[in-house]
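Comments concern the structure below.
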Amino acid sequence: MADIPPGGFVAPKGIPEYVGPDFVAVRDTLVREADRAGYAHLELPVFEDTALYARGVGESTDVVSKEMYSFADRGGRSVTLRPEGTAGVVRSVIEHGMDRGTLPVKLRYAGPFFRYERPQAGRYRQLQQVGVEAIGVDDPALDAEVLAVADAGFRALGLTGYRLELTSLGDAETRPEYRATLQRFLEKCDLDEATRERARINPLRVLDDKRPEVRDQLADAPLMVDHLSDAAAAHHAKVKQYLDELGVAYTENPRMVRGLDYYTKTTFEFVHDGLGSQSGIGGGGRYDGLMAELGGQALSGVGFGIGVDRTLLACRAEGLDVAPARRVEVFGVPLGEAAKDHLVGLVGQLRRAGIRADLAYGGRGLKGAMKAADRSGARYALVLGDRDLEAGTIQLKDLGDGSQTEVALADAAAAVDRAVHG
RNA sequence: GUGGGUGUAGCUCAGUUGGCAGAGCACUGGGUUGUGAUCCCAGGUGUCGCGGGUUCAAGUCCCGUCACUCACCCCA
């Protein structure tokens, strides 16, 4: 039999665990805004054919070339734990013919994704995302809707210290030409070997280099937004107009880069300054070629992925309470076995009536049970002892102001209901 | 993949020139078998990350190793 490792079992490297209610509160708040805009839930597989990501995300990306959890299953097939959501959504849309119905197809997903990276603040090997995709209609109003859904999610959580950075990466007709122009510019710059290699593989990525000596050289580098086709420029202008109408604030960042190859036209990132090095709490954009690349119709799509882990960190950085402190509304405090027997039933009755309730288990003393009631966050305690049982009553105590009222045991559930909802 | 920092109680940490392993918080019980959040008293846990070395003696010094963490890179 396998041994227990020294120091005990621990979760795999770089994987956060969330014990309190905060994580679920953040995730569900983000999902709720997608639901409100009509995005339907899609439950995706956690692993897919490795080729799906190689084709969809792009062989030259870091995500595919060095961060994937890939392995051979028992049948010898190469599979990969999903590093992102869009490729899987598009595959599902094509496989199930969803693009044959009413367009756009609007879907949302939530769950864990996996990237083999060195962990640090806000960067995990198992990361949690909420995402949406709107596929099949190339309408700038949809780009704006997607952005508004993400923005509404952040606002619903109470976040204020973030900004939306926006740009356009152009379309398939003009991007290759711009790319060549940028590469010619970069060849004339004084760059180290690693950066030259980057300029060869993905020249756009050099544009957002953080080093001052590189930035200085790139001050008048050619930018994509100045080389857009008429159609792409018109699309970009329309997106900004709709954002204004939706009341979504943004700043233009023409040097923004995405690490996934499929983005075209609208590209964006939500940035929060309270997180340290990993400041992106969400990102996404439009992808014109992905459907066709994965064997479907030549349809465009647009979507985002929000990092739930980082959004939670952002909430904490802003000191926000994202989850209610109240675990339950009512807490039962039994004095003795007979009282406990009654309270077990009463608590069950309260729960069936939709009231969150708990009680002190394990035969704790009165003081300990009251303490547990306090810690539970309950507004009310139900105190029951032999004296009450004989009299057919129960004590309903308001833990906020300390007042206590005696009610008939038979009316206890109704009295609690009035107290909680009144 | 590259570089820095840190590993002592459940948590946050202190521990002097090497000399008995500590505090606060939290938890449990009691003061008060009929009242919590305040107060008082009591209680307990440690392979000092792990392995080796130096020494009469190592939490402390040396070597190795692992883990965590921050940053580069990359991205959510």
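Residue numbers start from 1 in every chain, and the chains themselves are labelled A, B, ... in the order their sequence lines are given, proteins ahead of strands. The shown structure was predicted, so the numbers you read here are calculated from the model rather than taken from an experiment.
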**Item:** Length of the CZ-C1' vector between A:R198 and B:rC73, whole Å
**Value:** 7 Å
**Prompt:** C1' atom, B:rG64 versus B:rG7: distance in rounded Å?
**Reply:** 16 Å
**Item:** Polar side-chain contact A:Q129-B:rC75 base: donor and acceptor under 3.5 Å
**Value:** no
**Prompt:** Between the side chains of A:H235 and A:D143, does any donor sit under 3.5 Å from an acceptor?
**Reply:** yes
**Prompt:** Would you say the side chain of A:R211 and the base of B:rC73 hold a donor-acceptor pair, judged only by whether the two atoms sit under 3.5 Å apart?
**Reply:** no
**Contacting residues from residues 335-345 of chain A, given that a heavy atom lies under 4.0 angstrom of RNA chain B** = A:L335
**Message:** Reading RNA chain B from 5' onward, which residue's closest nucleotide shows up sooner: A:G283 or A:K66?
**Reply:** A:K66
**Request:** Could you measure between the two C1' atoms, the one in B:rC20 and the one in B:rA58, and give it in whole Å?
**Result:** 14 Å
**hbond_proxy A:Q395 side chain to B:rU35 base (donor-acceptor, 3.5 Å cutoff)** = no
**Complete:** Stems with RNA chain B, 3 or more Watson-Crick or G-U pairs in a row (under 3.5 Å), are B:1-7 with B:66-72, B:10-13 with B:22-25, B:27-31 with B:39-43, B:49-53 with B:61-65
**Fill in**
Between A:P119 and A:M370, whichever has its closest RNA chain B nucleotide further toward 5' is A:M370
**Message:** Rounded to whole Å, how long is the line connecting atom CD of A:Q278 with atom P of B:rC72?
**Reply:** 7 Å
**Prompt:** By side chain to side chain contact (heavy atoms under 4.5 Å, CB included), which residues pair with A:A338, not counting sequence neighbours?
**Reply:** A:D386, A:L389
**Request:** Find the distance A:R118:CZ to B:rG5:P and express it as a whole number of Å.
**Result:** 14 Å
